[in-house]
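Just so it is clear, the model here is predicted, and its values are computed rather than measured.
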Amino acid sequence: MLKINGILLNIIDKSKYKNKEGLEIDTKAKVQVLVENKRANGSIVKELHTISIPDGKIPLYKDKVNKEVEIPVGIISEKHSFYGV
């Protein structure tokens, strides 16, 4: 299992949207985490990752905005997008 470490900047609550057929679809909650990556030349690059999380894990992050967090993740796609596990 992989883990993302960084500063939790934001929590995006679950919501609903209507698809083309008019059906309401639930979305997952997401967290936005600012991660520092050190490059080979020593420079630091900050990247913002928006990670969907399971409903049961939302309470784990509610009180951690602007604090260091560690989020277990999996990877989907060749480009790699993170999702919480």
Side-chain angles (χ1 to χ4, degrees):
M1 180 183 312
L2 300 170
K3 294 182 180 180
I4 296 288
N5 293 309
I7 302 296
L8 178 61
L9 295 182
N10 189 27
I11 298 173
I12 302 168
D13 291 324
K14 294 171 36 168
S15 63
K16 295 180 184 245
Y17 73 94
K18 287 189 179 181
N19 66 9
K20 295 176 191 176
E21 292 79 33
L23 296 172
E24 274 195 354
I25 307 294
D26 289 327
T27 64
K28 287 187 171 186
K30 295 175 178 65
V31 292
Q32 291 184 308
V33 180
L34 188 63
V35 177
E36 286 188 358
N37 291 314
K38 192 171 189 176
R39 297 281 169 106
N41 67 3
S43 66
I44 300 290
V45 176
K46 294 183 180 183
E47 295 181 74
L48 180 64
H49 294 284
T50 301
I51 304 168
S52 64
I53 57 173
D55 294 348
K57 301 251 177 139
I58 296 168
L60 296 175
Y61 302 107
K62 283 289 186 188
D63 63 343
K64 294 191 170 69
V65 174
N66 294 321
K67 295 180 182 172
E68 181 91 19
V69 293
E70 180 178 86
I71 301 175
V73 297
I75 298 175
I76 52 176
S77 85
E78 288 181 25
K79 184 181 176 226
H80 74 268
S81 295
F82 297 108
Y83 65 93
V85 294

Fill in the blank from the handout: For residues 2-40, the ring-ring contact (aromatic ring centres under 6.0 Å, His included) pairs (sequence neighbours left out) are none
Practice task
Only pairs at least two apart or in different chains count here, so list each ring-ring contact (aromatic ring centres under 6.0 Å, His included) that has a residue in residues 47-78.
Solution key: H49-F82
Exercise for the section: Not counting sequence neighbours, which residues clear side-chain contact (heavy atoms from CB on, under 4.5 Å) with D63? List them please. Expected result: none
Completion exercise
What one should report as the nearest heavy-atom pair of P72 and K3 is CA-CG, 4.2 Å
Problem - Contact summary for V31 and I71, nearest pair of heavy atoms - result: CG2-CD1, 3.5 Å
Fill in the blank from the handout: For N41, the side chain to side chain donor-acceptor pair (under 3.5 Å) test, sequence neighbours excluded, returns S43
Handout entry: Same cluster (ILVMFWY, side-chain, under 4.5 Å), L60 and L2
Key = yes
Exercise for the section: Apply side-chain contact (heavy atoms from CB on, under 4.5 Å) to P54 and list each qualifying residue two or more places apart in sequence or on a separate chain. Expected result: K57
Completion exercise
Taken in chain and number order and not counting sequence neighbours, the residues that satisfy side-chain contact (heavy atoms from CB on, under 4.5 Å) with K46 are L34, E36
Practice task
Just jot down the side chain to side chain donor-acceptor pair (under 3.5 Å) partners of E47, sequence neighbours excluded, or say none.
Solution key: N37
Exercise for the section: Would you kindly confirm whether I53 and I7 end up in one hydrophobic cluster when ILVMFWY residues are joined by side chain heavy atoms under 4.5 Å apart? Expected result: no
Practice task
Is it possible for you to say whether V65 and V35 belong to one hydrophobic cluster, with membership spreading through side-chain heavy-atom contacts below 4.5 Å?
Solution key: yes
Practice task
Using the ring-ring contact (aromatic ring centres under 6.0 Å, His included) rule, collect all pairs that involve residues 20-46, keeping only residues at least two apart or in two chains.
Solution key: none
Practice task
To the nearest 0.5 Å, tell me how far K28 NZ sits from I51 CD1.
Solution key: 12.5 Å
Practice task
With sequence neighbours excluded, tell me which residues meet salt bridge (charged side-chain N to carboxylate O under 4.0 Å, His left out) with K20.
Solution key: none
Atom pairs and distances, side-chain donor-acceptor, residues 9-16, under 3.5 Å, sequence neighbours left out:
residue	atom	partner	partner atom	Å
N10	ND2	Q32	OE1	3.0
D13	OD1	K62	NZ	3.0
K14	NZ	D55	OD2	3.2
S15	OG	T27	OG1	2.9
K16	NZ	D26	OD1	3.1

Fill in the blank from the handout: Applying side chain to side chain donor-acceptor pair (under 3.5 Å) to E24 and not counting sequence neighbours gives none
